Amino acid sequence: MITPAIPKNIQFRMETMYAGKGNRVGRIRPDENGIYKGLPVMVLGQTTQQGTYYDPRSIVDQITNPQTKFNMVYRQQKAYGEYGHPKFYGMTDAEKLERLVDIDQDNVSHVFTGLYTDAPSADGTVVLRADLKPTGPKGPVFKEGLDDPCINTAFSLRAFIKTDVQPDGLKFRTVRQLPTWATVGPSGYAT
């Protein structure tokens with residue numbers, strides 16, 4: 001496993017991504033292979049409720065650049081996601097960083113079979129969508145959330161990032177390493 005060098009002022013933060021402003025998918029059904037298509041995992045170019053803006057170029061680069069770990073595992077159809085945020089309690093910063101970039105096989109809930117974007121909306125934001133197949137130990141829980149119209153399934157970007165705080169307080173984040181998107185509860189975007 002490749003773990004990035006630990007910066008001096010490391011911070012760990014989790015934020016959930018959601019296609020806000022009413023862009024709900026609604027009731028969905030898997031295809032004949034059990035793949036749920038077109039799930040919104042993130043909005044590129046939109047600020048989260050926590051005042052965070054993720055640099056779209058750095059995210060797209062992590063997905064499309066053949067030199068990145070995410071792209072390599074994605075092309076091999078081994079880009080897995082977990083159920084929930086990783087637990088960091090009682091860990092050192094080095095252990096937290098190692099956990100951040102590692103996918104816990106006991107917590108796998110889905111595998112990515114497709115990633116693509118919608119056309120830019122009128123406000124310039126772009127929805128990043130995924131085709132996901134429930135799999136692994138937490139796959140049944142993920143599938144239940146997708147199949148039940150009473151459960152609003154959301155996703156959280158898990159990434160090793162560089163943060164620059166702007167004068168207005170906006171946290172501008174550049175993704176250095178993208179391990180996955182996890183399926184989680186509450187959203188980080190206003191709906």
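Keep in mind that what you see is a predicted model, and the values were worked out from it rather than measured.
- Between Ile63 and Leu115, the shortest heavy-atom contact is CG2-CD1, 4.1 Å.
- Here the shortest heavy-atom pairing between Tyr83 and Thr183 reads CD1-CG2, 3.6 Å.
- Tyr53 is not connected to Ile59 by any chain of hydrophobic side-chain contacts under 4.5 Å among Ile, Leu, Val, Met, Phe, Trp and Tyr, and they are in different clusters.
- The distance from the CD atom of Glu98 to the CE atom of Met91 is 8.5 Å, given to the nearest 0.5 Å.
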* To do: With side chain to side chain contact (heavy atoms under 4.5 Å, CB included) as the test, would you mind laying out the steps for Tyr116 and Asp131 before giving the verdict?
  => CA-CA 9 Å; Tyr116 45 92; Asp131 296 341; 2.6 Å; yes
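- Between Lys162 and Asp164 the shortest side-chain heavy-atom distance falls below 4.5 Å.
- Gly45 and Pro56 make their closest contact through N-CG, 3.8 Å (heavy atoms, listed as atom of the first residue, atom of the second, distance).
- Lys171 contributes atom NZ, which lies 9.5 Å from atom OH of Tyr54 (distance to the nearest 0.5 angstrom).
- Side-chain contact check for Arg158 and Thr180: no donor-acceptor pair (N or O, by modelled atom type) lies under 3.5 Å.
- Within the 4.5 Å cutoff, the side chain of His85 has heavy atoms near those of the Val184 side chain.
- Atom CD of Glu95 and atom CG of Asp102 lie 12.5 Å apart (nearest 0.5 Å).
- By the 4.5 Å heavy-atom criterion applied to side chains, Gln77 and Val111 are not counted as neighbours.
- Connection of Tyr74 to Val175 is established within a shared hydrophobic cluster, with ILVMFWY side chains joined at heavy-atom distances below 4.5 Å, either directly or through further cluster members.
- The CG atom of Leu128 sits 9.5 Å away from the CG atom of Leu157 when rounded to the nearest 0.5 Å.
- Between Glu32 and Lys133 there is no salt bridge, since no side-chain N of the basic residue sits under 4.0 Å from a carboxylate O of the acidic one.
- For Gly84 against Ala182, the heavy-atom pair with the smallest separation is O-CB, 3.5 Å.
- Looking only at distances, no side-chain donor or acceptor of Ser58 sits under 3.5 Å from a matching main-chain atom of Thr174.
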* Report the C-alpha separation of Gln105 and Ile103 in whole Å, then their side-chain angles, then the decisive distance to 0.1 Å, and conclude whether the side chain to side chain contact (heavy atoms under 4.5 Å, CB included) test is met. => CA-CA 6 Å; Gln105 295 303 304; Ile103 306 300; 4.0 Å; yes
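- Put simply, the side chain of Leu178 does not reach to within 4.5 Å of the side chain of Phe160, judged on heavy atoms.
- Interatomic distance, OG1 of Thr135 versus CD1 of Ile35, reported as 11.0 Å (0.5 Å rounding).
- Residue Pro179 comes nearest to Ala159 through the heavy atom pair CD-CA, 3.7 Å, listed as atom of the first residue, atom of the second, then distance.
- Heavy atoms only, all atoms of each residue included: Met72 and Pro66 are closest at CG-O, 3.6 Å.
- Side-chain contact, Gln50 with Thr48: a donor N or O sits under 3.5 Å from an acceptor N or O.
- The aromatic rings of Phe155 and His110 lie perpendicular to each other, with more than 60° between the two planes, well past the 30° mark.
- Here the OG atom belonging to Ser121 is positioned 8.5 Å from the CD atom belonging to Gln46, to the nearest 0.5 angstrom.
- Side-chain contact between Val60 and Leu44: present, with at least one pair of heavy atoms (C-beta onward) separated by less than 4.5 Å.
- Residues Thr163 and Phe172 fail the side-chain proximity criterion, which asks for heavy atoms closer than 4.5 Å.
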* To do: Verify side chain to side chain contact (heavy atoms under 4.5 Å, CB included) between Leu39 and Ile28, making sure each step is shown before the conclusion.
  => CA-CA 9 Å; Leu39 299 173; Ile28 58 170; 3.3 Å; yes
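- Side chain of Gln62 to backbone of Asn71: no donor-acceptor contact under 3.5 angstrom is found.
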Distance-only donor-acceptor pairs under 3.5 Å for side chains of residues 138-151, two or more places apart:
| from | atom 1 | to | atom 2 | distance (Å) |
| --- | --- | --- | --- | --- |
| Lys143 | NZ | Tyr36 | OH | 3.0 |
| Lys143 | NZ | Asp147 | OD2 | 2.7 |
| Asp147 | OD1 | Tyr36 | OH | 2.5 |
| Asp147 | OD2 | Tyr36 | OH | 3.3 |
| Asp148 | OD1 | Cys150 | N | 2.8 |

* To do: Let me see the working for Trp181 and Met42 under side chain to side chain contact (heavy atoms under 4.5 Å, CB included), right down to the final yes or no.
  => CA-CA 9 Å; Trp181 282 268; Met42 185 172 189; 3.8 Å; yes
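- Ion pair Asp55/Arg173 not flagged as a salt bridge, since none of the NZ, NE, NH1 or NH2 atoms sits closer than 4.0 Å to an Asp/Glu carboxylate oxygen.
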